[in-house]
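So the structure is just underneath, and the comments pick up after that.
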Amino acid sequence: MAAAGRVGLTTERLVRAGAELADEVGFEQATPAELARRFGVKTASLYSHVKNVHDLKTRIALLALEELADQVSTAVAGRAGKDALTAFANVYRDYALAHPGRFAAAQFRLDPQTAAASAGVRHAQMTRAILRGYNLAEPHQTHAVRLLGSVFSGYVGLETAGGFSHSAPDSQESWTEILNALDALLRAWPAHPAGMQSAVHGPQAPGR
C-alpha cells in the first residue's frame, strides 16, 4: 500500500472523505480502517491526521454542524415567524435526506469543550432567534427548543429509514401539516404553568 503522503492526504481531505463515506455506508461504518482501504494506504498512516475512530467521528460531526449551520443561516435570513420556522425545518429535512450519514454525525455526542466551540452554538442561537418571534420567555423558550429538535430529528430519522414509504398520505403532506401544527402550538404556548397548577389545587384557605 502507498504512504498517505504520496496520495496527497490532508486532515481536511480525510474528514471530507469520511463524511462522504458516512453518507454512503452509514456514520457508524466511517472508520479510519475503511478510509485507508479506499485510499489504498495503511491504516496506521492515517493516524498522523486523526488520532483514532472517535477523533475522526468528532471531526465529521463538526463538519456536518458547520455545513448545516451555514445552510440554515442562508435560508432564514430576512424571515420571521412561520416563514422562518418552515425554512429552518426544511433545511434540516433536506440535509438529512441528501446526507444521511452527515446528519447522523451532527447528532454525535461531543465533549463540552468541543461542543462549545462548534457550530452547534450557532444552531441554538438561530433556533432561539426564530422562537423570539413567538414571544416565548424562559423557561418556555428552552422547552420549545427541545420540542423542535425532537420533532425534526425524529421525523427525518424515521423518514430516512423508510418509515413512511409504504403508507398514505405522502410524507411531504405530513411534514407540511406538522409544521402548521408546530406554528399553531408555538403561538398558543401556555405562558403560565404555575397558574395552571394553582387552579388544579384550588385557592388556599384564608390564613394559610
Side-chain angles (χ1 to χ4, degrees), residues 1-75 88-127 145-146 148-167 171-172 175:
M1 283 190 174
R6 295 176 190 169
V7 294
L9 277 184
T10 64
T11 302
E12 181 181 0
R13 185 182 176 196
L14 188 62
V15 172
R16 289 198 172 276
E20 292 170 4
L21 179 62
D23 287 337
E24 292 175 19
V25 300
F27 181 54
E28 289 302 316
Q29 283 66 51
T31 63
E34 181 60 24
L35 281 176
R37 188 184 69 78
R38 295 201 171 198
F39 279 110
V41 300
K42 295 180 179 179
T43 303
S45 67
L46 300 187
Y47 291 133
S48 60
H49 302 289
V50 294
K51 297 176 183 177
N52 47 41
V53 174
H54 186 272
D55 185 38
L56 174 63
K57 290 186 181 299
T58 296
R59 291 174 184 273
I60 295 173
L62 294 174
L63 172 66
L65 287 169
E66 190 73 34
E67 289 180 341
L68 195 47
D70 287 345
Q71 292 183 25
V72 169
S73 179
T74 299
F88 183 96
N90 283 338
V91 167
Y92 271 83
R93 180 174 178 238
D94 291 345
Y95 188 85
L97 293 174
H99 303 291
R102 280 172 162 92
F103 188 76
Q107 300 172 69
F108 184 63
R109 189 183 185 107
L110 303 174
D111 67 73
Q113 184 176 0
T114 303
S118 75
V121 176
R122 291 171 59 198
H123 289 268
Q125 291 170 340
M126 288 186 287
T127 306
V145 168
R146 293 170 179 172
L148 294 182
S150 299
V151 172
F152 298 158
S153 295
Y155 190 90
V156 299
L158 290 170
E159 187 174 31
T160 54
F164 309 132
S165 300
H166 307 293
S167 60
S171 62
Q172 177 59 49
W175 179 250

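Being a predicted model, the structure only gives us computed values, none of them experimental. What's counted below: heavy atoms across the whole structure, side chains too, no hydrogens, waters or symmetry copies. FYI, the numbering just counts along the sequence from 1.
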query = Can you name the closest pair of heavy atoms from Ala36 and Lys42 and give their distance?
reply = CB-C, 4.0 Å

inquiry  = What's the separation between atom CD1 in Ile60 and atom CG in Leu65, rounded to the nearest 0.5 Å?
reply    = 12.0 Å

query = Is any side-chain N of the basic residue among Arg38 and Glu24 closer than 4.0 Å to the acidic one's carboxylate O?
reply = yes

Gap between atom CG of Asp23 and atom NE2 of His99 - 0.5 Å precision = 6.0 Å

note = In this structure, CG of Leu35 is separated from CZ of Arg13 (nearest 0.5 Å) by 11.0 Å

message = Tell me every residue that passes side chain to side chain contact (heavy atoms under 4.5 Å, CB included) with Gln71, counting only those two or more places apart in sequence or in another chain.
response = Val91, Tyr95

key: Value rounded to 0.5 Å, distance of OG in Ser153 from CG in Leu148   = 10.5 Å

Minimum side-chain heavy-atom gap Phe39-Leu9 below 4.5 Å = yes

query = Out of curiosity, Phe152 CZ to Phe88 CZ, how far, rounded to the nearest 0.5 Å?
reply = 6.0 Å

remark   = Here the gap from Leu68 atom CG to Met126 atom CE, rounded to the nearest 0.5 Å, amounts to 7.5 Å

request  = Heavy atoms only: give me the nearest Ser118-Leu62 pair and the separation to one decimal.
outcome  = CB-CD2, 3.5 Å

ask   = So do Pro32 and Asn52 actually touch side chain to side chain, heavy atoms under 4.5 Å?
value = no

ask   = Do Val156 and Leu97 have side chains that get closer than 4.5 Å, going by heavy atoms?
value = no

remark   = Of all heavy-atom pairs linking Glu34 and Leu21, the shortest is CG-CD2, 3.5 Å

message = Under the rule for side chain to side chain contact (heavy atoms under 4.5 Å, CB included), what residues qualify as partners of Ala33, not counting sequence neighbours?
response = Thr31, Thr43

inquiry  = Any salt bridge linking Glu12 with Arg16? Criterion: basic side-chain nitrogen under 4.0 Å from a carboxylate oxygen.
reply    = yes

ask   = Looking at Lys51, Arg59, Lys57, which one forms a side chain to side chain donor-acceptor pair (under 3.5 Å) with Asp55?
value = Arg59

remark   = So ring-ring contact (aromatic ring centres under 6.0 Å, His included) across residues 105-127, not counting sequence neighbours, yields Phe27-Phe108, His54-Phe108, Tyr92-His123

inquiry  = According to salt bridge (charged side-chain N to carboxylate O under 4.0 Å, His left out), does anything in residues 108-120 pair up with another residue at least two apart or in another chain? List the pairs.
reply    = none

Side chain proximity check, Thr74 to Asp70, heavy atoms < 4.5 angstrom = no

inquiry  = I need the minimum non-hydrogen distance between Ala30 and Gly18, along with the two atoms involved.
reply    = CB-O, 3.8 Å

ask   = Mind checking what makes side chain to side chain contact (heavy atoms under 4.5 Å, CB included) contact with Gln29, not counting sequence neighbours?
value = Val25

note = For Glu159 and Ser171 the tightest heavy-atom approach is OE2-OG, 2.9 Å

inquiry  = My understanding is that only residues two or more places apart in sequence, or in another chain, count here; which of them pass side chain to side chain contact (heavy atoms under 4.5 Å, CB included) with Gln172?
reply    = Arg93, Asp170, Trp175, Thr176

